[in-house]
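Written below as structure tokens is the structure these notes are about.
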Amino acid sequence: MCGEGTFCVILKLSQTDKTYSQTGEIKMGETNYNDILRRRQERRQQERKRRRRRVLLLYSGILILILAAAVAGYGVMKNRRQGESPESSKAEVISAESRGEDSPGASLEANAPSGEDGESGWAGKLFQGIKKLFGRGEKGLALHDGSIVTPEAEKDSNTNPDGAGKDVQNPDSGQAGDSGSETGTGGPEGTDGSGAGNGISNPSSVSSGADLTTPEGRLADLLFRADRLAAGYDYDGAIELLKTDAEFSGSAEAAAAITEYEGVKSTLVEQNVNEITHVFFHTLVMDTAKAFDGDREEKGYNQVMTTKSEFDKILNEMYNRGFVLVRLHDIAHEETDENGNTRMVKGKIMLPEGKKAFVMSQDDVCYYPYMEDDGFARRIVIGEDGKPTCEMVQEDGSVATGSYDLVPILEDFIQEHPDFSYQGARAVLAFTGYEGILGYRTAASYQESNPNYEADRQAAAAVAQCLKDNGWELASHSWGHRYLGQIEYESFKTDTDKWEAEVESLIGPTDIILYPFGDDISDWHGYTSENDRFNYLYGKGFRYFCNVDSSQYWVQIGDDYVRQGRRNLDGYRMWQDIAASQEGGSGKRRLDDLFRAEDVFDPARPTPVEWE
């Protein structure tokens, strides 16, 4: 209301219910008052919530400090009581994390003296202790230096040494040969008949990095080795290792691990050995610029070789799809009955549900002279760690040792992914003999021209033994890379005898033959005693016979032999898959169960990849 004798104008705003005087002051109405009360109440509620949060945070902080102090005190007292060294504690943590379990009695990192401050002292201890209680560290594989790494993303490399081979598949045949010229490419292969390697290929022999001078370190090492066996599906071996250990067989840690392994073992599924695929490669192209440089060898390399980049991608994709590498001998093996009669018996491959067994082989592991300066490794050698590796000539003429072909690359991959290999399995490596094996000029024709002939033979024999000790199966690829199903029978026998004299004499007995060009000594019907070539090879000790076939799998197990078709994963086969999906293509793709060719195919390749 305006005072007496005063003229005022009242403006009532319909939408706000606020009353204004002419001077602009706000005149309070009933609705305005209620709004103010409501806002005050909301502010009081928000303030009460903020106070409660502050109190909760304060109490939480106090509880965390008490818990952290308790964890730190427990760790210090345990270290003092047990005389634990930093190295053994760290090894126990690594062993447990590699199994996905708590480490045996170790809740803190013990890398720094307990009296230090900072990241490596008390603060680091507190952090690590809390981390152990409330969460797990990143799981990975323990290396020899005691560090933990997780599988890295694939690394493509097209600028270093490659490998090559000249077996090729006839694109027009249903059961094609691994194509190439008569002078194909070869590589060391041979088996001792059992196909089983030992030594470094045995996961239990990998070092845990633990301090073996302390009980804690020895226990950590034992559990680590058992875990490596179990990672490779050898649960029986892991259980046996723990049960027979004189020092820790009765420990709670060993008993818990045994219970875990037995539980996993009960869930395994038997593989159908008649549905196991077999893939093969030649020497890997390490330097695409040198291999695909337009010279007369380019087309052959482009057709039948696989680049390092492609091989890396294939390994990763097959691993991600659940494939597990098995030995050819795992499919079936010879057994002798009580009457002294031998026969082939199907193997029993047990894997977790969803896993798929496969066999891998590499032809022409010989590093032929024509491949020099074309971007390939020059030979296989024994590395400082006792494992097979490769030498490659660099641009400046120096020789480097490293992962320059399938053998060391696959070794590296399995070390990172032990569950990619079934009980230490590796690939089959096949040799010709006419230029020597493994990059050493061991053929009899080099006896006069090679001043290092005897040294080369000794070195090749040592490398072959190293390969077998590491789980690789060795095989024949004929002496002269011949069409064994087509040449005259006398030539067939001569070639087989020369391989025995010049190659088997170096690598030891083998029972596997991978037919050059995939040229089998029979059609798809089973081998019989009426087949002279089969009889001759059988008499030489061969029991496993592999042709080339583009089918997903082809396995034939007879009473006294095993036959298997192999699939070439090379430039020609991948290009055929890519072309099949293009306009006007056949639509017939053969590799999709393994990988998509478009995701693997190296863009450094000349295209199209045509058969000649």
Side-chain angles (χ1 to χ4, degrees), residues 165-190 280 282 300 303-304 361-366 368-370 428-437 442-446 474-505 507 510-549 554 556 558 561-566 568 611-612:
K166 289 213 169 181
D167 288 356
V168 288
Q169 178 180 15
N170 181 344
D172 301 320
S173 67
Q175 183 172 299
D178 54 10
S179 51
S181 64
E182 278 278 305
T183 58
T185 58
E189 317 209 28
F280 80 95
H282 289 95
Q303 292 165 8
V304 304
S361 58
Q362 185 182 25
D363 292 357
D364 299 298
V365 190
C366 299
Y368 299 112
Y370 74 81
V428 180
L429 305 176
F431 308 109
T432 60
Y434 67 95
E435 290 284 6
I437 64 172
T442 59
S445 58
Y446 281 94
L474 308 183
S476 169
H477 202 44
S478 84
W479 181 87
H481 206 280
R482 307 298 301 278
Y483 285 91
L484 296 182
Q486 301 179 39
I487 59 176
E488 294 293 330
Y489 182 58
E490 289 304 318
S491 298
F492 168 88
K493 292 196 298 182
T494 298
D495 184 273
T496 303
D497 292 346
K498 290 181 73 172
W499 192 90
E500 181 181 39
E502 296 186 18
V503 181
E504 189 172 273
S505 61
I507 69 172
T510 178
D511 55 7
I512 305 173
I513 184 167
L514 309 184
Y515 292 120
F517 312 103
D519 187 37
D520 206 325
I521 57 173
S522 178
D523 58 17
W524 62 269
H525 292 92
Y527 292 153
T528 69
S529 58
E530 297 177 358
N531 186 325
D532 291 337
R533 299 183 190 226
F534 169 69
N535 291 336
Y536 198 79
L537 291 175
Y538 189 88
K540 294 293 186 179
F542 293 106
R543 301 293 184 268
Y544 299 81
F545 306 83
C546 296
N547 51 48
V548 176
D549 191 290
W554 188 84
Q556 184 181 85
Y561 69 87
V562 173
R563 294 171 78 187
Q564 189 177 32
R566 302 187 301 147
N568 53 312
W611 189 260
E612 293 186 3

Considering only heavy atoms from C-beta outward, does the side chain of [X] approach that of [Y] to under 4.5 Å?
{"X": "Val428", "Y": "Tyr544", "value": "no"}
{"X": "Tyr368", "Y": "Thr432", "value": "yes"}
{"X": "Arg533", "Y": "Ile487", "value": "yes"}

Taking it one step at a time, do Phe542 and Thr510 satisfy side chain to side chain contact (heavy atoms under 4.5 Å, CB included)?
-> CA-CA 7 Å; Phe542 293 106; Thr510 178; 4.1 Å; yes
For side chain to side chain donor-acceptor pair (under 3.5 Å), just list the numbers for Ser361 and Arg566, CA-CA rounded to whole Å, side-chain angles, deciding distance to a tenth of an Å, and then say yes or no.
-> CA-CA 9 Å; Ser361 58; Arg566 302 187 301 147; 2.8 Å; yes
[X] side chain to [Y] main-chain N or O, any donor-acceptor pair under 3.5 Å?
{"X": "His282", "Y": "Asp363", "answer": "no"}
{"X": "Glu435", "Y": "Pro369", "answer": "no"}
{"X": "Asn535", "Y": "Ser529", "answer": "yes"}
{"X": "Asp495", "Y": "Arg482", "answer": "no"}

Please find the pair of heavy atoms, one from [X] and one from [Y], that lie closest to each other, and give the distance.
{"X": "Trp499", "Y": "His477", "answer": "NE1-N, 4.1 Å"}
{"X": "Ile521", "Y": "Asn531", "answer": "O-ND2, 3.2 Å"}
{"X": "Ala475", "Y": "Leu514", "answer": "CB-CG, 4.2 Å"}
{"X": "Ser522", "Y": "His525", "answer": "OG-O, 3.7 Å"}
{"X": "Asn547", "Y": "Gly518", "answer": "CB-O, 3.5 Å"}
{"X": "Gly436", "Y": "Thr442", "answer": "CA-OG1, 3.1 Å"}

Please list, chain by chain and in numerical order, all residues satisfying ring-ring contact (aromatic ring centres under 6.0 Å, His included) with Phe534, sequence neighbours excluded.
->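 Checked Phe534 against ring-ring contact (aromatic ring centres under 6.0 Å, His included); matches are Tyr527, Tyr538, Phe545, Tyr561.
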Residues two or more places apart in sequence or in another chain: which of them pass salt bridge (Lys or Arg N to Asp or Glu O under 4.0 Å) with Glu488?
->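 Result, salt bridge (Lys or Arg N to Asp or Glu O under 4.0 Å) vs Glu488: none returned.
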Residues two or more places apart in sequence or in another chain: which of them pass salt bridge (Lys or Arg N to Asp or Glu O under 4.0 Å) with Lys540?
->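 Partners of Lys540 by the salt bridge (Lys or Arg N to Asp or Glu O under 4.0 Å) criterion, ordered by chain and then number, come out as Asp497, Glu500.
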Could you tell me which residues satisfy side chain to side chain contact (heavy atoms under 4.5 Å, CB included) with Thr494, sequence neighbours excluded, listed by chain and number?
->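 With neighbours one apart ignored, the set is Lys498.
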When rounded to the nearest 0.5 angstrom, what is the spacing between OG in Ser478 and CG in Leu537?
->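 The CG atom of Leu537 is 10.5 Å from OG of Ser478, to the nearest 0.5 Å.
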Can you sort out the partners of Gln486 under side chain to side chain donor-acceptor pair (under 3.5 Å), two or more places apart, ordered by chain and number?
->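 Once residues adjacent in sequence are excluded, the partners of Gln486 under the side chain to side chain donor-acceptor pair (under 3.5 Å) criterion are Asp519.
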